[in-house]
Visitor: 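My structure is below; once you've seen it, I'll send some questions.
Below, chains carry the letters A, B, ... as their sequence lines are ordered, and counting in each starts from 1. The figures that follow rest on heavy atoms only: side chains count, while hydrogens, waters and symmetry mates do not.
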Amino acid sequence: MKFQAPKGVKEYLPPASSLFERVRDALIAPARLANYQLMELAIFEETEVFTRGVGESTDVVSKEMYTFTDRGDRSLTLRPEGTAGVMRAVIESGMDRGQLPVKIYYVGPFFRAERPQAGRYRQFYQVGIEAIGSEDPYLDVEVISIATQGFSNLGLKGFTLVINSLGDTESRIAYREALSKYLLSLSLDEATRERARINPLRVLDDKRPEISAALSQAPSILDFLNEPSRRDFEKVQAGLDSLDIQYEINPRLVRGLDYYTKTTFEFVHPQLGAQSGIGGGGRYDGLMESLGGQPLSGIGFGIGLDRVILACEAEGISGFFGNALSCFIIPLGSEFQSEAMFIATELRARGLRVDSAFGDRSLKAGMKAADKSGAQFAFVLGERESVSRSIELKELATGKVQSIKLEELASYLLTARSEDTSGIQGDISRENTRG
RNA sequence: GUGGGCGUAGCUCAGCUGGUAGAGCAUCCGGUUGUGGUCCGGAAUGUCGCGGGUUCGAGCCCCGUCGCUCACCCCA
């Protein structure tokens with residue numbers, strides 16, 4: 001029996017995992033700089049958090065949830081998205097009664113029971129932020145700009161930002177009615193008609209050519225925005241303009257979750273194949289209330305790490321460069337292994353990344369291992385070095401050798417180590433890329 | 001749930017009209033004294049996804065099955 005990861009689960013193993021770390025950290029950093037704080041949340045929730053939060057009529061809830069019953073006969077569900085859980089935690093902890101807006105970020109795995117394909121997995125990773133408790137359209141601008149800052153930390157260029165407004169509840173209801181009427185006047189297949197009745201906005205997302213052709217005559221949401229909604233949308237655009245963030249307006253951008261109102265947005269990357277959305281989000285007005293909290297508006301985004309990683313690969317962006325091993329120690333025979341370990345431990349305590357050869361193999365094998373490790377330096381530890389307290393430190397890239405006293409080794413390695421080139425703007429880069 | 005493509009060594013793949021398996025890379029050892037990369041020599045590794053069928057004979061043909069992958073619906 002040969003075991004393998006469950007279907008549709010994408011795992012990140014070395015060396016590819018270094019890009020995963022880099023992407024994750026690059027996307028988190030701007031949220032932290034904007035005073036968003038981490039929530040490390042439950043990975044499974046009471047099922048009702050999602051059925052009420054995300055909406056019964058969505059595909060996510062109706063056919064994609066991993067739901068199970070625990071031993072206490074409770075229905076639990078592996079989280080399919082992040083926003084509902086954040087709202088639940090905000091309400092549960094009473095943060096919605098404190099200083100507003102509440103600004104939260106989160107990272108981690110999410111689960112949907114779909115057929116996997118490129119960029120769509122059953123276990124996938126998202127970085128998300130939520131800002132709850134303010135209707136100020138400049139908060140929308142901040143949220144969007146945090147996402148773009150994350151992408152620019154990575155050096156990503158080939159994406160575009162698409163925005164739309166679904167209007168407030170009043171505008172949305174009016175539009176919904178008009179759209180539903182229009183859609184039902186067309187000859188559509190039964191499943192699509194059903195959707196047109198339950199949630200007509202989502203039909204706008206359909207990419208099948210016959211459907212999208214029929215949609216060309218559909219009424220536009222932008223014509224149904226009432227005065228306050230229209231003004232807010234203009235403010236969002238003006239804010240993006242002032243930050244020099246490029247975008248295009250697509251009145252058909254609705255997104256698949258029921259809770260969205262007003263601003264919606266999505267980042268798409270054309271080089272990814274069918275699943276081209278690398279992130280998206282929007283404002284939600286009724287969500288907090290529907291989960292039993294204060295009637296507060298919020299806005300947030302979710303960015304798909306897996307898809308951003310694909311985008312990086314498409315643009316030739318790779319993992320950390322600054323994490324190279326500083327030094328590789330080759331004990332000459334097993335009698336010097338404990339001393340090698342002692343030196344390695346001292347160097348690591350100074351923040352240096354150090355490895356050594358194991359298994360009592362030949363010197364040649366040790367040097368080969370040093371070479372493959374990518375270490376900046378290597379040295380042999382044997383009788384001579386142990387007695388003289390001095391080593392021949394070899395710089396592997398150049399082959400240059402020089403004598404160094406063991407007591408001076410750490411400070412020598414510290415000054416010689418290569419610069420961090422991860423390019424992340426933000427305090428997190430220090431913690432995760434050094435050494 | 002529906003459709004297409006693909007399953008041969010750890011990885012990437014070759015294998016002609018059926019004659020019982022190969023390359024490159026990676027791994028390990030060696031090229032005589034305590035220094036890697038290039039080079040040279042050597043070694044190990046496969047129930048050819050699995051089950052059945054056709055055939056004197058199947059990696060190759062047929063059927064089934066499992067898995068991977070891409071796409072649809074939908075979404076990150």
Visitor: So what does Glu81(A) touch, heavy atoms closer than 4.0 Å: a base, only the sugar-phosphate, or nothing?
Guide: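 No contact at all - Glu81(A) keeps every heavy atom at 4.0 Å or more from the nucleic acid.
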
Visitor: If you take the centroid of each ring, where Trp contributes its six-membered ring, are Tyr36(A) and Tyr105(A) closer together than 6.0 Å?
Guide: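 Aromatic pair excluded; centres sit 6.0 Å or further apart.
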
Visitor: For rA43(B) versus rG24(B), give the span between their P atoms, rounded off to a whole number of Å.
Guide: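 Those two atoms are separated by 13 Å.
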
Visitor: Could you please name the option among rG36(B), rG34(B), rA76(B) that lies closest to any side-chain atom of Leu396(A)?
Guide: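 Between rG36(B), rG34(B), rA76(B), the one nearest the side chain of Leu396(A) would be rG36(B).
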
Visitor: Side chain of Leu363(A) only, please: which of rG30(B), rG34(B), rA71(B) is the nearest?
Guide: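 Closest of the options to the side chain of Leu363(A): rG34(B).
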
Visitor: Base, sugar-phosphate, or nothing: which does Gly366(A) touch, judged by heavy atoms less than 4.0 Å apart?
Guide: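 Here Gly366(A) touches no strand at all.
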
Visitor: Which value, in whole Å, describes the distance between the P atoms of nucleotides rA21(B) and rC50(B)?
Guide: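 It works out to 15 Å between them.
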
Visitor: Phe301(A) and Phe267(A): aromatic ring centres closer than 6.0 Å?
Guide: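 Ring centres of Phe267(A) and Phe301(A) not closer than 6.0 Å.
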
Visitor: To the nearest Å, give me how far apart CG (Asp360(A)) and P (rC29(B)) are.
Guide: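 Atom CG in Asp360(A) sits about 12 Å away from atom P in rC29(B).
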
Visitor: Under 3.5 Å for both donor-acceptor distances, Watson-Crick or wobble: does rG18(B) have a partner, and if so which one?
Guide: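 rG18(B) is paired with nothing.
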
Visitor: Quick one: the side chain of Glu266(A) and the base of rA76(B), do they pair up donor-acceptor inside 3.5 Å?
Guide: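 Absent.
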
Visitor: Measuring from the side chain of Glu383(A) (C-beta onward, heavy atoms only), which nucleotide among rG3(B), rG36(B), rG34(B) has the closest atom?
Guide: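 My answer, after comparing the listed nucleotides, is rG34(B).
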
Visitor: Could you check whether Glu392(A) and Ser403(A), counting side-chain N and O atoms only, form a donor-acceptor pair closer than 3.5 Å?
Guide: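 On atom types as modelled, these side chains qualify, holding a pair under 3.5 Å.
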
Visitor: Looking at Asp371(A) and rG36(B), is any side-chain donor or acceptor paired with a base atom of the opposite kind under 3.5 Å?
Guide: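 Checked by distance alone, the answer is yes.
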
Visitor: Students often get this wrong, so: under 4.0 angstrom with heavy atoms, is Asp59(A) touching a base, only sugar-phosphate, or nothing?
Guide: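 Asp59(A): backbone/sugar contact only, no base atoms under 4.0 Å.
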
Visitor: Considering only atom P, compute the distance from rC70(B) to rU65(B) and round it to an integer number of Å.
Guide: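 Their P atoms lie roughly 23 Å apart.
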
Visitor: If you take atom types as modelled and just measure distance, does the side chain of Lys394(A) reach the base of rG36(B) with a donor-acceptor pair under 3.5 Å?
Guide: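 Per atom types, the contact qualifies.
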
Visitor: Contact class for Lys364(A) vs. all strands (heavy atom < 4.0 Å): base, sugar-phosphate, or nothing?
Guide: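 Base contact - Lys364(A) has a heavy atom under 4.0 Å of at least one base atom.
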
Visitor: Answer with base, sugar-phosphate or nothing: what part of the nucleic acid does Ala397(A) contact at a heavy-atom distance below 4.0 Å?
Guide: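 Since a base atom lies under 4.0 Å of Ala397(A), the category is base.
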
Visitor: Does this structure show an ion pair linking Arg252(A) with Glu266(A), if we count only N-O contacts that are shorter than 4.0 Å?
Guide: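 Salt bridge absent between Arg252(A) and Glu266(A).
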
Visitor: Would you mind pulling out the nucleotide paired to rG1(B), Watson-Crick or G-U wobble, both distances under 3.5 Å?
Guide: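 Paired with rG1(B), as far as the under-3.5 Å criterion goes, is rC72(B).
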
Visitor: Paired with rC25(B) by Watson-Crick or G-U wobble geometry, both distances under 3.5 Å: which nucleotide is it?
Guide: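 Looking at the geometry, rC25(B) pairs with rG10(B).
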
Visitor: Is the distance from OP1 or OP2 of rC68(B) to the nearest side-chain N or O of Lys7(A) less than 4.0 Å?
Guide: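 Result: yes.
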
Visitor: Considering only rC68(B), rA76(B), rC28(B), which nucleotide approaches the side chain of Lys372(A) most closely?
Guide: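 Taking heavy atoms from C-beta onward, the closest nucleotide is rC28(B).
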
Visitor: What is the distance, rounded to the nearest whole Å, between atom CG of Leu272(A) and atom P of rC70(B)?
Guide: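 One finds 12 Å between P of rC70(B) and CG of Leu272(A), rounded.
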
Visitor: Say you pick atom P in rG41(B) and the same atom in rA23(B); how far apart are they, in whole Å?
Guide: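 14 Å, rounded to whole Å.
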
Visitor: With sugar-phosphate meaning primed atoms plus P, OP1 and OP2, does Lys368(A) contact a base, only sugar-phosphate, or nothing at under 4.0 Å between heavy atoms?
Guide: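 Sugar-phosphate, no base atom in range.
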
Visitor: Using the side-chain heavy atoms of Phe124(A), tell me which of these nucleotides is nearest: rU35(B), rA76(B), rC72(B).
Guide: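 Shortest atom-to-atom distance from the side chain points to rA76(B).
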
Visitor: So among Leu406(A), Ile391(A), Val354(A), which one has a side chain to side chain contact (heavy atoms under 4.5 Å, CB included) with Ile343(A)?
Guide: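 When side chain to side chain contact (heavy atoms under 4.5 Å, CB included) is applied between Ile343(A) and each of Leu406(A), Ile391(A), Val354(A), only Leu406(A) qualifies.
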
Visitor: Just wondering, do Tyr125(A) and rA76(B) stack (centres under 5.5 Å, planes under 30°)?
Guide: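 Base of rA76(B): not stacked against Tyr125(A).
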
Visitor: Can you tell me the pairing partner of rU65(B) across any strand shown, Watson-Crick or G-U wobble, with both distances under 3.5 angstrom?
Guide: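 With both distances under 3.5 Å, rU65(B) matches rG49(B).
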
Visitor: Describe the nucleic acid contact of Ala370(A) in one word from base, sugar-phosphate, nothing, applying a heavy-atom distance below 4.0 Å.
Guide: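 Ala370(A): no heavy atom of the nucleic acid under 4.0 Å.
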
Visitor: Using atom NZ of Lys400(A) as one end and atom C1' of rG37(B) as the other, report the distance to the nearest whole Å.
Guide: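 Nearest whole value for this atom pair: 17 Å.
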
Visitor: Looking at Glu335(A), I want to see if its CD is surrounded by more than 12 non-hydrogen atoms of other residues, nucleotides or ligands under 6.0 Å.
Guide: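 Counting neighbours around CD of Glu335(A), more than 12 heavy atoms of other residues, nucleotides or ligands fall under 6.0 Å, so yes.
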
Visitor: Using only side-chain N and O atoms of Gln275(A), determine if any of them is under 4.0 Å from OP1 or OP2 of rA76(B).
Guide: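 No, no such contact exists.
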
Visitor: In the structure I gave you, are the side-chain heavy atoms of Lys103(A) and Glu142(A) within less than 4.5 Å of one another anywhere?
Guide: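 Yes, at least one pair of side-chain atoms sits under 4.5 Å.
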
Visitor: When all nucleic acid strands are considered with a 4.0 Å heavy-atom cut-off, which category describes Arg202(A): base, sugar-phosphate, or nothing?
Guide: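 The residue Arg202(A) makes sugar-phosphate contact but no base contact.
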
Visitor: Under 3.5 Å, is there any donor-acceptor pair linking the side chain of Glu385(A) to the base of rG34(B)?
Guide: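 For Glu385(A), whose side chain was compared with the base of rG34(B), there is a donor-acceptor pair (under 3.5 Å).
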
Visitor: With rounding to the closest Å, how many angstrom separate the C1' atoms on rU47(B) and rG7(B)?
Guide: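 About 16 Å, rounded to a whole number of Å.
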
Visitor: Atom CG of Leu332(A) and atom P of rG36(B): how far apart are they, to the nearest Å?
Guide: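 Going from CG in Leu332(A) over to P in rG36(B) covers 13 Å.
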
Visitor: In whole Å, measure the gap between the C1' atoms of rC48(B) and rG59(B) for me.
Guide: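 About 5 Å, rounded to a whole number of Å.
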
Visitor: Taking CD1 from Ile330(A) and P from rU35(B), how many angstroms apart are they, rounded to a whole number?
Guide: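 After rounding, the reported distance stands at 11 Å.
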
Visitor: With both distances under 3.5 Å as the test, what is the Watson-Crick or G-U wobble partner of rC39(B)?
Guide: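 Here rC39(B) is engaged in a pair, and the nucleotide opposite it is rG31(B).
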
Visitor: Salt bridge between Lys262(A) and Glu135(A), side-chain N to carboxylate O under 4.0 Å?
Guide: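 Answer for the salt bridge query: yes.
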
Visitor: Just N and O in the side chain of Gln117(A): are any of them under 4.0 Å from OP1 or OP2 of rC72(B)?
Guide: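 Looking at the OP1 and OP2 atoms of rC72(B), one of them is under 4.0 Å from a side-chain N or O of Gln117(A).
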
Visitor: May I ask you to say what Lys63(A) touches in the nucleic acid, namely base, sugar-phosphate or nothing, with a heavy-atom cut-off under 4.0 Å?
Guide: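 Base, at least one base atom sits under 4.0 Å.
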
Visitor: Between rG22(B) and rU32(B), how far apart are the P atoms? Round to whole Å, please.
Guide: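 Nearest-Å result for rU32(B) against rG22(B) at atom P: 32 Å.
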
Visitor: What is the distance from CD of Gln4(A) to P of rC50(B), rounded to the nearest Å?
Guide: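 Checked: the CD to P distance equals 14 Å.
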
Visitor: Looking at every strand, decide which applies to Gly128(A) at a 4.0 Å heavy-atom threshold: base, sugar-phosphate, or nothing.
Guide: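 Contact class for Gly128(A): none.
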
Visitor: With nearest nucleotides of RNA chain B determined for Glu114(A) and Ala5(A) from heavy-atom distances, which residue corresponds to the more 5′ nucleotide?
Guide: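 First, find each residue's nearest nucleotide; the 5'-ward one identifies Ala5(A).
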
Visitor: Using heavy atoms to find the nearest nucleotide of RNA chain B for Ala274(A) and Tyr121(A) separately, return the residue whose nucleotide is more 5′.
Guide: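 By nearest-heavy-atom nucleotide position, the 5'-most residue is Ala274(A).
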
Visitor: For a quick check of understanding: with a heavy-atom distance under 4.0 Å over all strands, which category does Arg361(A) fall into, base, sugar-phosphate or nothing?
Guide: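 Touches sugar-phosphate only.
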
Visitor: Would you say the side chain of Ile163(A) lies within less than 4.5 Å of the side chain of Leu253(A), judging by non-hydrogen atoms?
Guide: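 No; the side chains remain at least 4.5 Å from each other.
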
Visitor: Rounded to whole angstrom, note down the P distance from rG49(B) over to rA14(B).
Guide: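 Here rG49(B) and rA14(B) have their P atoms 13 Å from each other.
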
